Amino acid sequence: MKIKSQNLEEVVIRGESSLMETSIDKRTYNVEEDMTAVGGGLTEVLNNIPSVEVDNDGNVSLRGSGSVTILIDGRQSALSSGDGALDGIPASAIERIELVTNPSAKYNPEGTAGIINIVLKKKKLRGINTNVQLSAASENLFSGSLGFNIRNEKFNFYVNYSYRHREGFRNNFNERTSFYDNTTEFLKQGRLGTDFRESHTGKVGSDFFISENQVLGISVSGTNTDRIRRGKQENERYIDDNLTQMWDRKVYDPRNRKSIDINANYKLDFNDKKGNIIIAATQSIGDEDAIGEFEEFYLNPNGTTPSNPYRFQNQIRSDFRSKFTFSADLERSINDKMKYDAGLQAIINRQNESNFLEYYDTLTGQVVPDPNVNNELVFNENILSAYGIFGHQVSEKFKYQAGVRLEQALTEPKLLTTNESFENNYFSFFPSLHLTYGNDKQGSFFGSYSRRINRPSTWSLNPFPVYSDPLNLRKGNPEIQPEYINSYELGYEKIWKSASITGTVYFKETVNRIQRIRQFFDDGVSVTTFANVDESYDYGVEVVSTYSPFSWWKNMLALNAYESRLSANIDGTRLSNKGVSWDVKLNSTFSFFDNTTAIQINAQYIAPRYTVQGYYQRNPGIDIGFTRTLLDKKMVLGVRVSDVFNQKGFYFEINDGDVIQETDYKWTTRRLYLTLSYKFGNLTTKNKELREKIKDAEIPN
């Protein structure tokens, strides 16, 4: 960050950050500089980041892999788990997003693709400051946020609140062709529906500067999200081109999510200025309740009404999550050239999922529970780990960092309904190595290796099906094992006065890769479940570059391309697939009138992604944003258009030889946003020494 100051009685701090800042071990995305995310949610911010994709259900992938660890302020959080959780966090509540594609042994090893850390806003400058932002968009989207902080030499108190209301449509169209016994069956489904979301997100906390070398931080953050999906699905079934069955299915699917995180942190800087100790504890609690009401109306192919034309199902689902995390981290310099890090971590995770469904039995005329669906799953997981890292600056050009993390996991999913237990205890080690060679003048070469893990979630373990569409079911597999990845990266980074480039070649070997598998049955039902793929290799190249030909024009271009090779044995059938996938993203910003006016364009293209049974593709779009600052930069007016050409959507195709299925998803993506932001307060601190002291006292996220 570039800081400009004047030698007055009080120093006014004004900073201007670049949209993307890179370092050897991570990239930082400064959300406040992204005008095309103004008024949007976290998922829209993530979609603007190189190599990151978010699908219509909020699932995040990094470099084409969905095994990503999402952190909130450096910690695993209930705020980032569950349906629609990420979209419930508005862009206005986010300070920056950090990407770590090959983490060291210091980090929790979950997430084979890497780590995405979402840092929420917490003002750090002295004084009393308030920020208010209001946004409105077409298609009934409204949002607002309020931020306040007060800080002096003894404490920093801050509070942030955000509200978001979003309405829109959510449609999908599905066609499935099945070949069996010299017969062709064709299923055509079209669903038109609405998707409503409303969220409240808040954070309150304080940092107490006990002494010059001690700080205690306490914070509480939480979110409450309501989501209601309604829709009507028209279904037609054909046998050898003859229409045999017609029915409509109406869906009402409301759900509510509540989550809260309680954090306490203590940092002690050693008197000799050679290191520190950080002790942290986090309790995360999340609760989700959902209701599903499904009605079906049948017609004969000739348009007449059958004897039993009406059926219905009622479903109640609940999900409770509790995770306690305790960590102690030591950082110590041996001398000017060598340092080491060491730490301990304990995670206690408890989850409880229950599902109840009742349906109208046309034979008895009674409403009865469905024993094939009703279940309760309890998931207990304890993870104990310790790590050590040693870093050495061998010369002015060469340095390395090597470490290892040891971990014991104790996991036990229990199906209370069937009295089944699937205990799975395992010990793992996770080495890491990072090397750099070069300097600012010549550029830097870097290489890294890490071993990571992707643990099955309760969603992928629960074997009881979800019946939102009875012909396209989804269920988990309690016998799937964790997947491990060996990740290698080699790259080069060079920074000039007006440009920079970071190029990375990477290779990933995944053992027991977890992937969605769709199974088709003779009764016309398909079931999506999870399985460990036998073999998986990804290798590719990523290039991220910035270029500012003039002081008023900044550009960022990112390209990621890789080949996937997959094979699996599913129920005695050998499946394999391979293909080259790539994506490119461009961000261009134009500034005028002494940086008081700016225009930003975000554009991207994403090629198909390959699975062991087929491929899928997310259709991106182009976003344009405009901002104007007034009143000595205290007020900001913003206008933006998301998905200018209304292209965004999702498509996938599955082909196992006997069955071909194609599905299209489309939802509300093109909106016109109007945003007003105003800052109260002077954002001041009295002198440079105090500024540096406050900065050094901060507990890292």
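Since the model is a prediction, treat every value here as computed from it, not as a measurement.
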- Query: Could you walk me through whether E653 and Y616 pass the side chain to side chain donor-acceptor pair (under 3.5 Å) check?
  - Reply: CA-CA 6 Å; E653 180 179 318; Y616 63 92; over 6 Å; no

- Test side-chain contact (heavy atoms from CB on, under 4.5 Å) on I485 and V511 and set out the steps. CA-CA 6 Å; I485 189 171; V511 179; over 6 Å; no

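- Cation-pi contact between R311 and Y298: present, with separation from the ring centre below 6.0 Å and deviation from the ring axis of at most 45°.
- Side-chain atoms of R671 come within 3.5 Å of backbone N or O of E139 as a donor-acceptor pair.
- There is a side-chain donor-acceptor pair under 3.5 Å between N382 and R350.
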- Message: Using the rule given for salt bridge (charged side-chain N to carboxylate O under 4.0 Å, His left out), can you reason through R170 versus D253, listing the C-alpha separation, both sets of side-chain angles and the distance that settles it, and then say yes or no?
- Response: CA-CA 13 Å; R170 177 185 172 92; D253 184 15; over 6 Å; no

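- In summary, K250 and D248 do not engage in a salt bridge, as defined by a charged side-chain N under 4.0 Å from a carboxylate O.
- Taking each heavy atom of T177 and F179 in turn, the nearest pair found is CG2-CZ, 3.5 Å.
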- Any chance you could lay out the salt bridge (charged side-chain N to carboxylate O under 4.0 Å, His left out) test for K258 and D289, step after step, and finish with the verdict? CA-CA 9 Å; K258 297 183 181 71; D289 295 308; 5.5 Å; no

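- The backbone N or O of L672 lies less than 3.5 Å from a partner atom in the side chain of S138, making a donor-acceptor pair.
- The aromatic rings of F312 and Y360 sit parallel, their planes meeting at an angle under 30°, below the 60° perpendicular limit.
- Under a 3.5 Å cut-off, the side chain of D643 and the backbone N or O of K648 do form a donor-acceptor pair.
- In this structure, T69 contributes its side chain and G111 its backbone to a donor-acceptor pair below 3.5 Å.
- With hydrogens and angles ignored, the 3.5 Å screen pairs no side-chain donor or acceptor of S322 with any backbone N or O of I285.
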- Worked verdict on N224 versus N256 for side-chain contact (heavy atoms from CB on, under 4.5 Å): CA-CA 7 Å; N224 182 70; N256 173 264; 3.4 Å; yes

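- No side-chain donor-acceptor contact under 3.5 Å links R227 to the backbone of R255.
- Classification of R249 and E295 as a salt-bridged pair fails, no side-chain N sitting under 4.0 Å from a carboxylate O.
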- Could you check W667 against D195 for side-chain contact (heavy atoms from CB on, under 4.5 Å), going step by step and ending with a plain yes or no? CA-CA 9 Å; W667 58 98; D195 193 354; over 6 Å; no

- Query: Checking side chain to side chain donor-acceptor pair (under 3.5 Å) for the pair N477/T529: CA distance, chi angles, key distance, verdict?
  - Reply: CA-CA 7 Å; N477 177 6; T529 185; 5.2 Å; no

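- T223 places a side-chain N or O within donor-acceptor distance of the main-chain N or O of H200, the cut-off being under 3.5 Å.
- Between P369 and N374, the shortest heavy-atom contact is CB-ND2, 3.5 Å.
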- Message: E53 vs I606, test: side-chain contact (heavy atoms from CB on, under 4.5 Å). Steps then yes/no.
- Response: CA-CA 9 Å; E53 300 171 26; I606 302 173; 3.6 Å; yes

- Task: Report the C-alpha separation of E236 and K188 in whole Å, then their side-chain angles, then the decisive distance to 0.1 Å, and conclude whether the salt bridge (charged side-chain N to carboxylate O under 4.0 Å, His left out) test is met.
- Result: CA-CA 5 Å; E236 296 179 353; K188 182 178 181 180; 5.2 Å; no

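- Of all heavy-atom pairs spanning E412 and S421, the tightest one is OE2-OG, 2.7 Å.
- What you find for I115 and N108 is that their closest heavy atoms are CD1-O, 4.3 Å.
- Between K323 and D261 no salt bridge is recorded (no basic side-chain N to carboxylate O distance below 4.0 Å).
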- salt bridge (charged side-chain N to carboxylate O under 4.0 Å, His left out) between E110 and R455: does it pass, once the steps are laid out? CA-CA 7 Å; E110 291 189 47; R455 307 180 216 277; 3.2 Å; yes

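- Between S143 atom OG and R166 atom CZ the span is 11.5 Å, to the nearest 0.5 Å.
- Partners of N349 by side chain to side chain donor-acceptor pair (under 3.5 Å), not counting sequence neighbours, listed by chain and number: Q351, E381.
- Counting only N and O atoms by type, the side chains of Q481 and N512 include no donor and acceptor under 3.5 Å apart.
- Between K414 and E420 the shortest side-chain heavy-atom distance does not fall below 4.5 Å.
- Within a 6.0 Å sphere centred on CD of E479, heavy atoms belonging to other residues, nucleotides or ligands number 12 at most.
- In summary, the side chains of R518 and T528 do present a donor paired with an acceptor at a separation below 3.5 Å, with no hydrogens or angles considered.
- A pairwise comparison of heavy atoms in G114 and L62 identifies CA-CD2, 4.3 Å as the closest pair.
- Distance check, rounded to the nearest 0.5 Å: OG1 of T194 to CG of N171 gives 9.5 Å.
- Between P413 and L461, the shortest heavy-atom contact is CG-CD1, 3.9 Å.
- With hydrogens and angles ignored, the 3.5 Å screen pairs no side-chain donor or acceptor of S576 with any backbone N or O of L566.
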